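Keep in mind it's a predicted model, so treat the numbers as computed, not measured. The figures here come from the full heavy-atom set of this structure, side chains too, leaving out hydrogens, waters and symmetry mates. Whatever order the structure lists them in is the order used to number ligands and atoms, beginning at 1.
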Amino acid sequence: MRVLVTGGAGFLGSHLCDRLLRESHDVIAMDNLITGSVDNIAHLAGNPHFHFIHHDVTNYIYIKGDLDAILHFASPASPIDYLELPIQTLKVGSLGTHNALGLAMAKGARLLLASTSEVYGDPQVHPQTEDYWGHVNPIGPRGVYDEAKRFAEAMVMAYHRAHGVETRIVRIFNTYGPRMRINDGRVVPNFIRQALRGNPLTVYGDGSQTRSFCYVSDLVDGIYRLLLSNEVEPTNIGNPAEMTILDFARSINAITDNPGGIDYRPLPVDDPKQRRPDITKAETVLGWSPQVALDAGMEETIAWFAEKLSVTESAGRSL
Ligand code: UDP
């Protein structure tokens with residue numbers, strides 16, 4: 001296949017590019033680099049099956065030649081990022097998705113939308129199944145991301161129903177691994193950075209809120225299977241191993257021998273109290289389940305961050 005990955009220089013986008021290339025596809029990565037980085041795709045430079053286009057998908061997208069699939073992954077994705085980039089977040093989920101769908105229609109390509117567990121908001125159904133409609137505050141600070149992704153899902157289903165575009169929707173739950181931005185504000189990079197520097201870990205609220213963390217290779221495998229499947233309606237991909245943020249902080253302090261302890265900070269507005277995917281559908285329809293345990297995934301991730309921090313700090317660059 002010839003595949004376009006929007007957000008291809010981002011954390012997930014770049015790992016998807018790697019997987020697609022390993023499966024012998026031709027890949028075009030598109031990114032405006034507001035939260036992505038060319039560092040994530042630098043190792044692909046010179047690969048004749050890979051091309052990078054610096055472009056903002058909220059503007060009309062032009063691609064020369066055939067296209068078989070579009071993976072629409074462009075969007076700020078950390079709460080800090082979408083608080084700083086609220087309009088861009090709304091635009092990429094709405095206008096960007098519209099442009100990507102128009103391109104899919106013109107090329108006869110399949111489109112897979114990166115949606116999110118945030119469509120469930122602060123969920124009142126636990127664990128979250130795909131048929132739950134969610135509990136979202138449309139005007140809160142997270143609303144720009146949640147509503148953009150909900151709109152994007154609606155747009156994808158409309159193009160599927162009205163124009164017969166082949167579409168897939170993945171609802172991605174918390175994912176971690178190498179290439180997360182060290183200062184993107186999410187809990188995994190924050191805790192690892194703080195622990196590696198011997199600082200206290202900043203736990204928001206009392207740390208009783210829960211999350212379930214999926215290692216990036218598992219997530220990419222689920223997405224690849226979904227792309228090749230016939231499943232049109234949204235599919236959760238994530239790891240159902242749920243834990244409190246306080247337990248997560250304690251385990252990172254233990255793994256890294258960090259004497260820094262915990263520093264409690266205020267809970268952000270509308271922070272979901274619990275989150276865990278019900279992955280029955282992915283298991284039955286895609287034959288997928290996560291394979292990487294948290295210990296193993298964290299070991300890889302901490303090693304990557306340690307390397308990144310030492311390179312950055314020895315170059316005298318601040319984070
Ligand atoms: N969090 C925290 N300390 C941090 C960063 C995040 O306690 O330094 C909490 C945050 O309040 C949330 C959870 O960790 O409950 C996950 O936050 P993240 O920003 O990674 O993503 P979210 O799952 O909220 O989209």
Checklist entry - More than 12 heavy atoms of other residues, nucleotides or ligands under 6.0 Å from CD of E283: is that the case? => result yes

Checklist outcome for this item: Paired with Y176, the side-chain contact (heavy atoms from CB on, under 4.5 Å) test is passed by just one of L294, I192, V216, V187, namely L294

Next on the checklist: Could you check whether atom NE2 of H98 has more than 12 heavy atoms from other residues, nucleotides or ligands sitting under 6.0 Å from it?
Outcome noted: no

Checklist outcome for this item: Y215 and T175 have their tightest heavy-atom pair at C-CG2, 4.3 Å

Checklist entry - Got a donor-acceptor contact below 3.5 angstrom from the D122 side chain to the K273 backbone? => result yes

Next on the checklist: Tell me which residues fall inside the under-4.0 Å heavy-atom shell around ligand 1.
Outcome noted: P79, E118, R142, N174, G185, R186, V187, N190, F191, T202, V203, Y204, Q209, R211, I245, P268, D271, R275

Checklist outcome for this item: Result for side chain to side chain donor-acceptor pair (under 3.5 Å) between Y120 and one of R275, H135, R171, Q128 points to R171

